[in-house]
Amino acid sequence: MKKIEEKFKLIELEVFSDTRGSLISLEQNKNIPFNIKRVYFIFNTKKDIPRGFHAHKKLEQILICVKGSCKIKIDDGTNIKIFDLLSPNIGLYIGTMVWREMFDFSENSVLLIIASDFYNPEEYIKSYDCFKIGLL
Ligand code: TYD
């Protein structure tokens, strides 16, 4: 897969469906455009309790709502967009230095996150003002 130039982008994932059900496979540097170092998922969320509110200096991620639905607000400093993740075959790629907010989780939703690096709290930008002025 070609390296992604955009700061954020929806990626359609191939679904293998038959009479037994459906399957989606995630492979590094194939349908996931980076080396995968970490996978985590967010569940037991509440519809009216948003999460996120940060950007990452170096981290790239793909967000997939594998069950239910949720919304992701993305801000790259210039453009603000809200993505409705409604289906497990849609991944939202988020590159470096992109502010994100996750909200409107449906009941029992599960948001899967594929990340290009290990967890490192030093790597977060948690102040929107610092993010806006590009302060690392
Ligand atoms: P937090 O960054 O607040 O979640 P969100 O991405 O929704 O804003 O993380 C919640 C807690 O989980 C916090 O104590 C840090 C911890 N955590 C890890 O230990 N490893 C991880 O990979 C992540 C993303 C969070």
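Keep in mind that this is a model prediction, so the values were computed, not measured. Numbering of ligands and ligand atoms starts at 1, following listing order.
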NZ (K9) with more than 12 external heavy atoms under 6.0 Å: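 No.
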
Return yes when atom OH of Y40 has more than 12 non-hydrogen atoms of other residues, nucleotides or ligands closer than 6.0 Å, and no otherwise.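 More than 12 heavy atoms, drawn from other residues, nucleotides or ligands, come within 6.0 Å of this atom.
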
Who are the residue neighbours of ligand 1 when the rule is a heavy atom under 4.0 Å from any of its atoms?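 For ligand 1, the contacting residues are R38, Y40, I42, R51, G52, H54, M102, Y119, Y124.
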
Do the rings of H56 and H54 sit parallel, tilted or perpendicular, given the 30° and 60° boundaries?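 The rings of H56 and H54 stand perpendicular, inter-plane angle above 60°.
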
Take the angle between the ring planes of F34 and Y93 and call it parallel below 30°, perpendicular above 60°, tilted in between.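 Answer is tilted, since the angle falls between 30° and 60°.
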
Any carboxylate oxygen within less than 4.0 angstrom of a Lys/Arg side-chain nitrogen, looking at K71 and D104?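 Yes.
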
Under the side chain to side chain donor-acceptor pair (under 3.5 Å) rule, collect the residues that match up with E101, sequence neighbours excluded.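 E101 satisfies side chain to side chain donor-acceptor pair (under 3.5 Å) with W99 only.
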
